[in-house]
Number of protein chains: 2
Amino acid sequence: MNNSITLRDIARALNLSTSTISKALNDSYEIGEETKKKVIAYATEHHYVPNRMAKGLKQGKSRSIGVVVCSLDNNFVAQMLDGIDKVSTDKSYQIIIMQSKESQKQEIACIDLLYSGGIDGLLISPACETTDFSYLKNLQESGLPMVLFDRLTDQIDTHKVGADNFKGAYDATMHLINNGYKRIAHLNTNTKLSISTDRLNGYKQALSDQMISFNPTYLRSCDYTDSHKLNEDLEEAIQYYMSLPEPPDAIFTATDQITTRCLSLLNKLGYHIPKDLALIGFTNTELADAMNPSLSTIHQPAFEIGQLAAEKLISLIEQKHKEVDFETIKLETQILVRASTQTVPTSN
Amino acid sequence: MNNSITLRDIARALNLSTSTISKALNDSYEIGEETKKKVIAYATEHHYVPNRMAKGLKQGKSRSIGVVVCSLDNNFVAQMLDGIDKVSTDKSYQIIIMQSKESQKQEIACIDLLYSGGIDGLLISPACETTDFSYLKNLQESGLPMVLFDRLTDQIDTHKVGADNFKGAYDATMHLINNGYKRIAHLNTNTKLSISTDRLNGYKQALSDQMISFNPTYLRSCDYTDSHKLNEDLEEAIQYYMSLPEPPDAIFTATDQITTRCLSLLNKLGYHIPKDLALIGFTNTELADAMNPSLSTIHQPAFEIGQLAAEKLISLIEQKHKEVDFETIKLETQILVRASTQTVPTSN
DNA sequence: CTGTTAGCGCTTTCAT
DNA sequence: ATGAAAGCGCTAACAG
């Protein structure tokens, strides 16, 4: 660990007290210009770097923020983290990122570790598996400021920042309908979180607005917990759809992983997109344009979600005393129409 | 910050001393079974969670590792981070990730912050911009264990873990030659780091082994610092190549970003891959199969690089006293041949 | 303007 | 088997 010089070392070298050094380095009005200069000169020369742990221990705060996400190796998550990092760095907070891998157990382990590390606040996008939020609620009651981002739940009352998933799903479905698709399947995750339900509801609303009745056989959920299992579920779902007497003519997929993998899988299984089946889904991949075929997507403002969530959390941390009205912010998604939904299927 | 109960609170409640509580919770042999049980029961009931800062301050180590990467929003980096996280979590180290955004100045700011945070060791993949490593060297001399990963340099003597970039580049170039391509261009980054030079050398070696003389007009470097600038440079490079009297018939691209963007760009500019131009490059995207055309790639064992780097660092941390022989480990890359290099160009 | 002192929460001798 | 006390590096009253 850190074995650079300490305040005491400087104090001894300069024949001053540690508190004088501390004040000088913190540019206190109590200290004379002369002394300040001398201290700062010595400190820089000897590469003094303050010990954050000592400072944190003393001050009861650490200027660090814990971030819990499902996975680091996820394009969409990475973009949100980038946004969080931007704001945190600007406001000189350090972020500590941990991954739940979609497991509630691991999520709790992460939170414990973060909490014991003395974070000033928590930014969390819960694991798909998580249904019981009492753990988080307890932490909140014991005074830890927190903001939910991306994946939200009604079970906790705090600031929440995510995309307008209902609208995004509605737009996607409506786009398919407007392009002449009639039998629209929906593939989503097996979670109870809002990302899943909101998207399902948006899908249903669009159908109903267009007088298309919701057909439960066109709805399948995939296990999101395990990457391998996801592929299996996806393949099974597609096989199932296509073996139906009336197979769907389009699929609307609910998450980044599902969308891109679905495209790969459809290609692999030999289906032609969009002739056999149109495809549109939530994903933020920059490669949508270069895919085969280029992929129509619902794009979420990931970076902005991260930024806003971090801002909200920091404001919460810095006005811990005051009463605040918690907000739930839903940022607009964007529909990007490309080739995967362009061909109107042969009439029937 | 953390305002859970402390050892003192437990001590008072149980009419014991803090040191007894500390020992009990750390399962010391000095403490009787009865007492231990009582203490542990109380601690769990009241959700005692130790203060890492206090512990770290006392013990002179924090069980945390600093990680500096160029960017979070980068597929390849994310995979390495995942590997680092796996090992760290297993060995109960916490990781603190920071991004340099390819700027040396920001890199130093990150390192300072990490160092002052009391990290036990540093894992770093330097910014493209970084050429002067004296800063890191000083830190190392002052006792901070560090491991370089992915982007290596001879200027620092420590454990280093990366891919065998020379071999990867050699394989890619050789593959192109074997498939009948003769005028092979190389697009890389404008950095002095080994990732760039090793790949260039592998490319040159393959050419020379096949009696093809290296043509400097077929070599272009892109500014990697800025995402927008990269696109410009790329577009300019392609325009330049294609306006040559003898334009290249294949491109070998050196990094994840360059490779995928190059594909997008070639499509956008209306070139047909691989008829007009073959393309193969370093990238770890899972979407290579689903691209248009499916993309031949050099795949790096990113997760393993992360894992190994973390293991090396932790071993360094935990045997800080002993003398060690530093190793440089180069993991095998993998060539994945797909459609973007499949068609032999029309003879000439 | 500068110094003394106490204490953040924890571990760790050293007594008892 | 348990406790008292010191101290990690820092800041913040409070004196001087």
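No hydrogens, no waters, no symmetry mates; every other heavy atom, side chains included, goes into these values. Labels below follow one simple rule: chain letters A, B, ... track the order of the sequence lines, proteins then strands, and each chain is numbered from 1.
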Test item: B:S88 side-chain N/O and B:Y93 main-chain N/O as donor-acceptor pair under 3.5 Å: no

Donor-acceptor side-chain pairing of B:E107 and B:T130 below 3.5 angstrom: yes

Atom-pair distance (CZ on A:R12; P on D:dG9), nearest Å: 10 Å

Distance, rounded to the nearest Å, where B:K55 contributes NZ and C:dT12 contributes C1': 13 Å

Minimum-distance nucleotide to B:K23 side chain [options: C:dC10, C:dG3, D:dG3]: D:dG3

Nearest-Å distance for atom pair CE/P, residues A:M53 and C:dG7: 22 Å

N/O (side chain, B:T35) to phosphate O (OP1/OP2, D:dA1) under 4.0 Å: no

Donor-acceptor under 3.5 Å (A:D120 side chain, A:R63 main chain): yes

B:Q59 side chain, from C-beta outward: closest of D:dG3, C:dT2, C:dT11: C:dT11

pair A:I95-A:D85: side-chain heavy atoms closer than 4.5 Å: yes

A:I31 or A:T18, whichever maps to the more 5' nucleotide of DNA chain C: A:I31

Distance, rounded to the nearest Å, where B:L7 contributes CG and C:dG7 contributes C1': 15 Å

No-H, no-angle donor-acceptor pair, A:S19 side chain to C:dT4 base, under 3.5 Å: yes

Any B:N51 side-chain nitrogen or oxygen under 4.0 Å from OP1 or OP2 of C:dC8: no

Sugar-phosphate only, base, or nothing, as touched by A:T6 at under 4.0 Å among non-hydrogen atoms: sugar-phosphate

Closest to the B:T20 side chain, choosing from C:dG3, C:dT11, D:dG3: D:dG3

Donor on one side chain, acceptor on other, A:N51 and B:Y115, under 3.5 Å: no

Donor + acceptor pair across side chains of A:S134, A:D132 (<3.5 Å): yes

Rounded interatomic separation in angstrom, taking CD1 from A:I21 and P from C:dT2: 10 Å

Closest to side chain of A:L57, choosing from C:dT11, D:dG9, C:dT13: D:dG9

Residue-phosphate contact under 4.0 Å: B:Y48 side-chain N/O, C:dG9 OP1/OP2: no

Proximal nucleotide (of D:dT11, D:dT2, C:dC10) relative to the A:K58 side chain: D:dT11

N/O (side chain, B:R8) to phosphate O (OP1/OP2, C:dC8) under 4.0 Å: yes

Euclidean distance, atom CG of residue B:L16 to atom C1' of D:dA4 [Å, nearest integer]: 14 Å

Separation of atom CD in A:E30 from atom P in C:dT4, rounded to whole Å: 15 Å

A:S17 side-chain N/O to C:dT4 phosphate OP1/OP2 under 4.0 Å: no

Value in whole Å for how far the P atom of D:dT11 lies from CG of A:L25: 8 Å

